[in-house]
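Below is one structure; the comments refer to it alone.
The shown structure was predicted, so the numbers you read here are calculated from the model rather than taken from an experiment.
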Amino acid sequence: MPSLVRPAADNTPPSLDEPSSATHDVFISHASEDKDEVARPLAEALRAGGLDVWYDEFTLKIGDSLRRKIDEGLRSSRFGVVVLSQAFFGKGWPEYELDGLVSRSVSGEQVLLPVWHNVSKREVMQYSSSLADKLARSTSTHTVEEIAAEIIEVIGDQG
């Protein structure tokens, strides 16, 4: 009977098993509905501030495996920015990314930086009380540029 566990000498491409040699400063997780208003301007501001940003529009190319590229981006990023919004809650890919970010955050491998977009603390608590406990920045009280400047400062301080 064949085993589901393959020996180390199999023909699996190394890129699937080995961490990426590229290291990003930050991975941005967001719902596509928040791309124009928050995610893209934030990614561009962080990049302009000198950070290496994993952001879908900067990274993904036609024909790429979404899961593999997202996993690689999560694995190779020191910080994870998650844009929490009503559009984000309950959506497949953003929740997949959030699961990866939370796993790395809990194990101490990565710092999670939440950005709330048009949501209240109460709404975030209904979605995840542990995420509501994290100090976040909100687009209702800060501009995207102010949020980007603070992220750049936090990442620079932890250099």
Scan side-chain atoms only and decide if D34 and S85 contain a donor-acceptor pair under the 3.5 Å cut-off.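 Short answer, yes.
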Quick one, V26 with W54, criterion side-chain contact (heavy atoms from CB on, under 4.5 Å). Give me CA distance, side-chain angles, the key distance, then yes/no. CA-CA 6 Å; V26 64; W54 193 104; over 6 Å; no
Are any side-chain N or O atoms of [X] and backbone N or O atoms of [Y], one a donor and one an acceptor, separated by less than 3.5 Å?
X: E146; Y: T143; value: yes
X: R40; Y: E57; value: no
X: S129; Y: M125; value: no

Nearest heavy-atom pair of [X] and [Y]: which atoms, and what distance?
X: V124; Y: L84; answer: CG1-CD1, 4.2 Å
X: T139; Y: V38; answer: CG2-CG2, 4.1 Å
X: S29; Y: L101; answer: CB-CD1, 3.9 Å

Roughly how far, to the nearest 0.5 Å, is the [atom2] atom of [Y] from the [atom1] atom of [X]?
X: K35; Y: I28; atom1: NZ; atom2: CD1; value: 9.5 Å
X: L46; Y: D52; atom1: CG; atom2: CG; value: 11.0 Å
X: L60; Y: S65; atom1: CG; atom2: OG; value: 9.5 Å
X: R104; Y: F27; atom1: CZ; atom2: CZ; value: 10.5 Å
X: I147; Y: H117; atom1: CD1; atom2: NE2; value: 9.5 Å

Looking at F58, does the NZ or CZ of R47 lie under 6.0 angstrom from its six-membered ring centre and within 45 degrees of the ring axis?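 Yes; both conditions hold, so R47 lies above the ring face of F58.
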Just wondering, do [Y] and [X] contact through their side chains at under 4.5 Å, heavy atoms?
X: D25; Y: V53; result: no
X: Y55; Y: H24; result: no
X: I151; Y: L42; result: yes

Partners of F79 by ring-ring contact (aromatic ring centres under 6.0 Å, His included), sequence neighbours excluded?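 For F79 there are no ring-ring contact (aromatic ring centres under 6.0 Å, His included) partners, ignoring immediate neighbours.
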Checking V111 against V154 for the side-chain contact (heavy atoms from CB on, under 4.5 Å) test, could you report, in this order, the C-alpha distance in whole Å, the side-chain angles of both residues, the deciding distance, and whether it holds? CA-CA 10 Å; V111 177; V154 166; 5.6 Å; no
Does the pair [X]/[Y] count as a salt bridge with the N-to-O cut at 4.0 Å?
X: R68; Y: D64; result: no
X: D56; Y: K69; result: no
X: R67; Y: D71; result: yes

Before giving the answer on side-chain contact (heavy atoms from CB on, under 4.5 Å), spell out for V82 and L113 the whole-Å C-alpha distance, their side-chain angles and the decisive distance to 0.1 Å. CA-CA 6 Å; V82 59; L113 305 172; over 6 Å; no
Does V119 belong to the same Ile/Leu/Val/Met/Phe/Trp/Tyr cluster as V83, with side-chain heavy atoms less than 4.5 Å apart forming each link?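 No: no chain of side-chain contacts under 4.5 Å links V119 to V83.
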hydrophobic_cluster_shared for V81 and V102, side chain cutoff 4.5 Å: no
When you look at L131 and L98, which way does the side-chain contact (heavy atoms from CB on, under 4.5 Å) test go after all the steps? CA-CA 10 Å; L131 278 178; L98 179 60; 3.7 Å; yes
Identify each donor-acceptor pair in which a side-chain atom of residues 86-95 lies under 3.5 Å from a protein atom, sequence neighbours left out, and give them as a table.
from	atom 1	to	atom 2	distance (Å)
Q86	NE2	E123	OE2	3.0
K91	NZ	S32	OG	3.1
K91	NZ	E33	OE1	2.6
K91	NZ	E33	OE2	3.0
E95	OE2	G90	N	2.8
E95	OE2	Y127	OH	2.9

